[in-house]
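Working notes for the structure below.
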Amino acid sequence: MQPILSMESITKRFPGVIANDGVNFDLHAGEIHALVGENGAGKSTLMNVLFGLYQPEEGKIIYKGEEITIDEPNHAIKLGIGMVHQHFKLVPPLTVTENIVLGSEPKRGLKFDKRKASKDVEDLSKKYGLAVDPKAKIENISVGMQQRVEILKTLYRGADIIILDEPTAVLTPQEVHEFFDILKELTKQGKSIIFITHKLNEVMEIANRATVMRRGKTMGTVNISDTSPTQLAEMMVGRQVLLRVEKAEAKPGKEVLKVESLSAMDDRNLSAVNNVSLNIREGEILGIAGVEGNGQSELIEVLTGLRKPTSGEVFLNGKKITGLTSKQIKNHQLGYIPEDRHKRGLVLDFSISENVILGIHNRKPFAKGVNLNYNEINKHADNLIEKYDVRCPNRQVHVRSLSGGNQQKIIIARELEVDPVLIIASQPTRGVDIGAIEFIHSQIIQARDKGKAVLLVSAELQEVMSLSDRIAVIYEGEIVDVLDAKEATEEKLGLLMAGIRNNEK
Amino acid sequence: MRKEDIYKNIKELLVPVGAIALGLLVGAIIILMIGGNPIEAYKALFIGAFGDKNKIANTLARSTPLIFSGLAVAFAFRCGLFNIGVEGQMFVGALAAAYVGANVTGLPKVIHLPLTVISAMLAGGLWAAVPGVLKAKRGVHEVINTIMMNFISYALIAFLVTDVLRAPGQTPRTVGILPSAQLARLSELVNWSNSRLNTGFLIGLAACAVIYYLLWKTTVGYEVRSVGLSPMAAEYGGINSNQKIILAMVISGALGGLAGAERILGFDRALILGFSPGFGFEGIAVALLGRNHPVGVLLGALLFGALSNGGAWMNFSTDVPVDLIVVLQAVIIFFVAADQIVRRLFPKKKKDWGVV
C-alpha cells in the first residue's frame, strides 16, 4: 500500500542532544498508527516536526506523493494535518461552536456568521458521529466532550491526518471505549490517525500498526496482529520488563491511618472532599481509583497538612493530626510522594544534595545548630543515589537536568528513608519510563512487606489494580465504594468511577 | 575546587563579562557617532577610576553604598521578592543614623558607633517589614508596596531634614555626627589620601561574607532559597514561607539601612538632603549584574563605582559627555537581562545530562 505520509531519516538536534536520529515513520491512509516510546524517546519531537513547530536538520517528508517542507503549524493545517494536544487548547467561556471555528470563522461581510458556523459544526458532528452540544460552553461540558471538540476543530480545518497526543489520559475506561469507537468511525471515513501513547494495552486494542521509538531512534514498526505487549515493551526499553507486579499476600496489622467523615474545599472554595472515611493498616496498600479531579488531590493535601479540612478527623497511629501543619505531620513519620514532583516534590534548581533533605533539613544530623552539615548531607545524597540507582553525573547537578524517572527516584528515596509508618504516594509513576516504573513499584511493595501502611492514588487504573490490596473509588469527593482488589475488575471500577453505585444498576 | 565547580563558576561569569564587553562595544559605537575617540574616552574612563591611589580610594568609596544596596536587592530576590524599596529603606536608615549619631551623647565609641549602626539597620529593617508583612499576610505585591514606601520616606526625610532636625545654615542638613559615632575615613588614617573612603567599605566586605554564609551554610538560608525557587515545594517541605518572606524583607531592609549608615557616619558625617543619587535603585542593577550572588554583587558594585568616578574624569578630559556612563550602564544591564543574546554570541559547549 502507498503511504499517505512518510517521514524519512528525520534528524533533529538540540544543543547537546539528538532528539531524532534518522527516524523513519510512515502512515497509511485510513489506519490508526500508534507511536510508542518512553518519555524523552523523541515522539513529541517527531510530531512537532510534522506539525511544523520544528525544522529537521536532515531528512524529508513526503506527503501524498510530494516532498514538502512544513515551516509552521498553519502550513501543516492547510495541508490537512491536525493535532490534538494532551492539554486541550480551548477557551472555556466560549461555546463549542465558537471554539471549533475560532481562527477560521465563516464571515458575512465583516461580521462573524454565527448561523453558518452552527450549521457547519452540526453537520460535521453528524457526519463523523462526534456528539457535541454546539451551544454549550466549554467550561460546562465533560472532558470527554471537550476532546471531541478538539477533534472537530481539526476536522473543521479539513484534516486528513489527526495526531493525538496521549488522548486517553483524562478519560474513564468507559469514555475510552467511546473514544475508540470514534477513532474507528474516523478511519472508516478515510482519516488517518497517529496515536501517541505509552499504554500498551490501548495500542493492542485500537491500533493497526505501531512504531516504537527509543532514545531518538526508531526501533521498528510492527503490525499489531503480529506482536504482543511484552514484545512492544522490550522494544521500548531495550530489555525484558516485568509488566505484571509480583507481590505476596498482604499481612495487615494494626490500624495506622484512620480518616473520619472528612470534608474539604478546593481552591475555588467549592466542596472537593465530601464526608470521606477510610482506614489503612500496617502492611497494606489502599489504592484510590478515580478520574482525575474528583477530590483525590485535595484529600491528600488535607492528610498531609497542606490544606485545612472543613470538618472531620484524621488519626495517625491513634494520634489526632487534624489541622496540624505539614511540618508537624511529617514529624509523625509520614512519607509523602506528591503528585506534582516539579511543583511540590523537588526544588528543581537545587542540587540533588539539597533536595534529599527537603523537609528534614532541620533534623539531625543534617542540621547542626543553625548550620547545615554538608558532610552528612553529601554522604546521605551519595548513599541514596547508589541505593536507589539514581542516574546522574554527581550529587551537585540541579535536579532539573535529570530525567523524570530519576527525579522521582530522588523523591521516593527521600521519603522512604525517613522510616515512615505511613506512605502516601500520589501518582508515583506519572511521566516516568517503564524501567523506573518497575523499580518504583517494587519499592512500594517492599515497603508494604516491611509493615508500612501505603495510601496510593493513581490515575492509571492498571497501577491501582496491580499494586493495591484494597481499592477505594472516589467520585465527586465521595468514596463510592471500597473493594477487595481481588474482586475488582476494570468494568466494576469504571462504573464506580463514573459515579454509578452497585445498587443503582 | 573540583573541576565541575570551576566549570560552573566560569559559566556564571560568562553572561556578565560578555554583557560588559558588549556594553563597551556599543558605547564605542556611540562615541564614534558623536565624533569622539573611543580609545581616548575609555582611557580617560580607566584613569579616572584607577589612575592613582586617591582615585582608587574614591572608586571604592563610590562603590560602598552599592555593595549594601546590591546585597539588599539580591537577598530579597533569593527569597523570590523584588525589593524596589531599598532607596527608601536607606533613607530611614540614614535618618536613624543621623539622629542617634548626633543626639545621643556621653557614650564611648565602642558603644555609640555600634548602637548607631544597629539603629540604622533596625530602621531599614522595620521599614521593609511593612511590605513584607503585607505580602505574607495579605498577598499584596511587594513591588507596589516598596515603591509606595519609597515615596513616604522621601516626604518624611524632606520634612524632618528641612524642619525638625535642620542644622543652622544654608543647605538643609542635620547637625554633624559626633566623633564617637563616626566611621573612620582613610584620609584620617593615612596622609596620602584625601578620600572619604571609610571603614564602611570593610563593613560592606563583611556583609558580603555574612550574607553568603547565611544563604548557603545555614538552615534558614536553605529555607529562604527554597521559598524563592519553589514556594510550593517549600510548603511541602514544612517550611513556613510567610515567615521567611517577612524575614527576608527585614534582612534586606537592614542592609539598605546599612547603606544609609555608611553615607551618614563615614562619607558625609551628616544627613544632607539629596545625599543619594539613587544608590538604592543602582543596587537593583548591581544585583542583576552580580546574579544575586554576594561575590557578584561586590564585583558589580565596584564596576558601577568605577564607571561613575571614571565617567566624571572622562567628561572633563575628553569631549565625551558624562551621560555616556548612563548609556553604558543601561546597555550592560540590557545585555544581562537579555542573557540569551549573550549566550548566542558567546556559545559554550553544553553538556547534557537530560537523557539518562
Side-chain angles (χ1 to χ4, degrees), chain A residues 14-19 39-42 215-216 301 304-306 325-331 336 338 340-350 354-355 357-363 366-374 377 390-394 396-398 400-403 405-406 414, chain B residues 1-9 11-12 77-80 139 210-244 247 251 291-293 340 343-344 346-356:
Chain A
F14 292 110
V17 62
I18 305 179
N39 289 297
R215 293 186 181 196
E301 285 177 3
T304 52
L306 293 170
T325 64
S326 60
K327 189 173 170 183
Q328 289 166 323
I329 294 177
K330 260 202 157 104
N331 289 337
Y336 171 30
D340 191 332
R341 65 172 165 270
H342 286 167
K343 278 208 193 113
R344 283 253 192 241
L346 297 166
V347 180
L348 291 175
D349 292 313
F350 268 4
E354 286 170 312
N355 269 294
I357 56 162
L358 184 63
I360 47 173
H361 56 275
N362 275 319
R363 294 187 202 169
F366 308 122
K368 208 164 55 183
V370 298
N371 290 329
L372 288 170
N373 184 348
Y374 275 100
I377 294 168
V390 180
R391 313 264 172 89
C392 60
N394 60 53
Q396 283 171 309
V397 293
H398 287 182
R400 185 186 291 281
S401 65
L402 302 178
S403 72
N406 285 309
R414 181 181 69 210
Chain B
M1 218 169 8
R2 297 178 14 167
K3 221 169 108 192
E4 288 95 3
D5 293 343
I6 296 167
Y7 175 74
K8 216 174 106 187
N9 287 336
K11 217 173 71 178
E12 281 293 305
F77 201 82
R78 287 282 172 184
C79 194
V210 169
I211 293 300
Y212 174 81
Y213 190 86
L214 184 63
L215 277 173
W216 280 280
K217 302 292 175 194
T218 68
T219 52
V220 172
Y222 177 88
E223 296 192 345
V224 165
R225 287 185 298 124
S226 309
V227 173
L229 287 172
S230 176
M232 285 181 81
E235 187 189 17
Y236 158 87
I239 295 165
N240 184 340
S241 51
N242 287 340
Q243 203 187 57
K244 295 295 158 314
L247 177 77
I251 291 177
R291 315 226 104 195
N292 299 308
H293 191 285
Q340 285 307 320
R343 284 177 205 279
R344 294 265 164 82
F346 301 92
K348 57 179 197 300
K349 273 207 183 122
K350 190 181 156 195
K351 265 193 178 161
D352 187 87
W353 312 112
V355 185
V356 178

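The structure displayed is predicted, hence computed values, not measured ones. So that the names make sense, note that chain A is the first sequence line, chain B the second, and so on, each numbered from 1.
There is no contact between E301(A) and chain B, counting heavy-atom distances below 4.5 Å. When heavy atoms are compared at a cutoff of 4.5 Å, K330(A) approaches chain B solely by way of its side chain, counted from C-beta outward. In this structure, chain B has heavy atoms under 4.5 Å from both the backbone and the side chain of L358(A). Heavy atoms closer than 4.5 Å to chain B are found in both the backbone and the side chain of Y336(A). Contacts of I357(A) with chain B are made by both backbone and side-chain atoms, with heavy-atom separations under 4.5 Å.
Heavy-atom pairs under 4.5 Å with chain B were tallied for N371(A), N373(A), T325(A), L306(A); the largest tally goes to N371(A). Per-residue counts of heavy-atom pairs under 4.5 Å with chain A were compared for T219(B), V220(B), L229(B), L214(B); the largest is that of T219(B). By number of non-hydrogen pairs under 4.5 angstrom with chain B, the leading residue of N331(A), T304(A), V370(A), I360(A) is V370(A). Contact tally against chain A (heavy-atom pairs below 4.5 Å) for G221(B), G237(B), A234(B), P231(B): the top residue is G237(B).
Using modelled atom types, one side-chain atom of R225(B) and one backbone atom of L215(B) make a donor-acceptor pair closer than 3.5 Å. Side chain of R78(B) to main chain of N292(B): a donor-acceptor pair is present (N/O by atom type, distance under 3.5 Å, no hydrogens or angles). For R391(A) (side chain) and N406(A) (main-chain N/O), no donor-acceptor pair under 3.5 Å exists by modelled atom type.
In this structure Y222(B) satisfies the ring-ring contact (aromatic ring centres under 6.0 Å, His included) test together with F350(A), H361(A), sequence neighbours excluded. With sequence neighbours excluded, the residues that form a side chain to side chain contact (heavy atoms under 4.5 Å, CB included) with S241(B) are V227(B).
Between the CD1 atom in I239(B) and the CG atom in N362(A) there is a gap of 8.0 Å [rounded to 0.5 Å]. One finds the CG atom of N240(B) at 9.5 Å from the CD atom of E235(B) (value rounded to the nearest 0.5 Å).
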